[in-house]
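Proteins get letters first, then strands, A, B, ... in listed order; numbering begins at 1 in each.
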There are 2 protein chains.
Amino acid sequence: MISSELLKGSLKTIVLKLLEENGRMYGYEITRRVEEITKGKIVLTYGALYPVLHKLEKEGVLHVESENYNNRMRIYYSLTSKGRSVVKEKVQEMTEFLKSIRFIIDPEFKISYE
Amino acid sequence: MISSELLKGSLKTIVLKLLEENGRMYGYEITRRVEEITKGKIVLTYGALYPVLHKLEKEGVLHVESENYNNRMRIYYSLTSKGRSVVKEKVQEMTEFLKSIRFIIDPEFKISYE
DNA sequence: TGTAATATATAAGAATCTTAAATATAATAA
DNA sequence: TTATTATATTTAAGATTCTTATATATTACA
């Protein structure tokens, strides 16, 4: 499993991108999906995820709908129009970051890339 | 330029990898090199870099030599034997992280990869 | 003579994440 | 039937990391 240290800073981007792909999701579902996609390598903790969801809602990036499913509360999140533009910026930035890190981590990559 | 938020957690790995590649470097040189490699996209601040170097020294990961160059103090850092094994772990972890993030950020990548 | 570049240090504060505990229901296994 | 696992969210305390700002000092260049 990937140490949480590396995860710092990328949580928001992960959440927003998943919402862009899937339309709407609830918190628990997001953690499950991330584990599934990364084969257990990235595990989001609830203590990190839920506060981020609340913050993104306050910022007008996410829209919220509470629903009851089998007597269990589910709070669905989806992107607002602001959210759809924020996710594009975040993904662009992440892509630049991935490329930059690869230049450092894997110098061979840089040579073959240029 | 890449927001510092994304950088959180990867600073140590960047520093250690540069030292693995270059043998020994001083702090200021590390910031210059990172800017050069990433074409200014990643900029390390001194307030983040120097404390990390001190910490890695305390942990026995870095070896330190002070030298005087043109009446200017330079503190050279290089990997200890422990450092050489730590950098391998860190790079391995970073590689897994990059791959996992790409699975999320760029779902097309996942399809073509599997 | 002044400004930019070189070179390191560190304190105060902000932001983010971890850990842990709390709450509650449904489903499954023993 | 009872215990455990899975589902679902919340939030507080503490740790960690990074930013911002300030301090110090020399060399190079305009």
| Integer-rounded Å distance: D:dT19 P and B:L11 CG | 8 Å
| Starting at CZ of A:R74 and ending at C1' of C:dT23, how long is that distance when rounded to a whole Å? | 18 Å
| said: Closest-nucleotide mapping onto DNA chain D: is A:G47 or B:L44 further toward the 5' terminus? I mean the 5' end. | reply: A:G47
| query | Are B:Y26 and B:R74 close enough that a side-chain donor and a side-chain acceptor fall under 3.5 Å? | reply | yes
| field | Short side-chain N/O contact from B:Y28 to OP1 or OP2 of C:dT6, under 4.0 Å | value | yes
| message | Both A:R32 and A:P51 contact DNA chain D. Which one's nearest nucleotide lies toward the 5' end? | response | A:R32
| Is the distance from OP1 or OP2 of D:dA8 to the nearest side-chain N or O of A:Y26 less than 4.0 Å? | yes
| query | Should B:T31 and B:V43 count as side-chain neighbours, where that means a heavy-atom distance under 4.5 Å? | reply | no
| Euclidean distance, atom NE2 of residue B:H54 to atom P of D:dT16 [Å, nearest integer] | 18 Å
| query | Would you say B:T80's side chain and B:V61's backbone share a donor-acceptor pair under 3.5 angstrom? | reply | yes
| field | Separation of atom OH in B:Y50 from atom P in D:dT22, rounded to whole Å | value | 19 Å
| message | Just N and O in the side chain of B:K55: are any of them under 4.0 Å from OP1 or OP2 of D:dT17? | response | yes
| request: Keeping the roles fixed (side chain from A:K82, backbone from A:E59), state whether a donor-acceptor pair exists under 3.5 Å. | output: yes
| query | To the nearest Å, how far apart are B:Y46 OH and C:dA5 P? | reply | 10 Å
| Minimum side-chain heavy-atom gap A:I42-B:I101 below 4.5 Å | yes
| task | Kindly indicate whether the side chain of B:Y77, heavy atoms from C-beta on, has any atom under 4.5 Å from the side chain of B:V64. | result | yes
| request: Could you tell me the separation between the CD atom of B:E29 and the C1' atom of C:dT8, rounded to a whole number of Å? | output: 14 Å
| Is the side chain of B:N22 donor-acceptor paired with the backbone N or O of B:L18 at a distance under 3.5 Å, no angle test? | yes
| Are any of A:T45's side-chain N or O atoms less than 4.0 Å away from OP1 or OP2 of C:dT18? | yes
| query | Atom CG of A:L49 to atom C1' of C:dT19: distance rounded to whole Å? | reply | 16 Å
| task | Please state whether the phosphate of D:dT17, meaning OP1 or OP2, lies under 4.0 angstrom from any side-chain nitrogen or oxygen of B:K12. | result | yes
| task | Classify every nucleotide of nucleotides 24-30 of chain D by which part a protein heavy atom approaches to under 4.0 Å, writing B for the base, S for the sugar-phosphate alone and - for neither, in 5'-to-3' order. | result | --BBS--
| request: Rounded off to whole Å, could you give me the NZ-to-P distance for the A:K8 and C:dT19 pair? | output: 10 Å
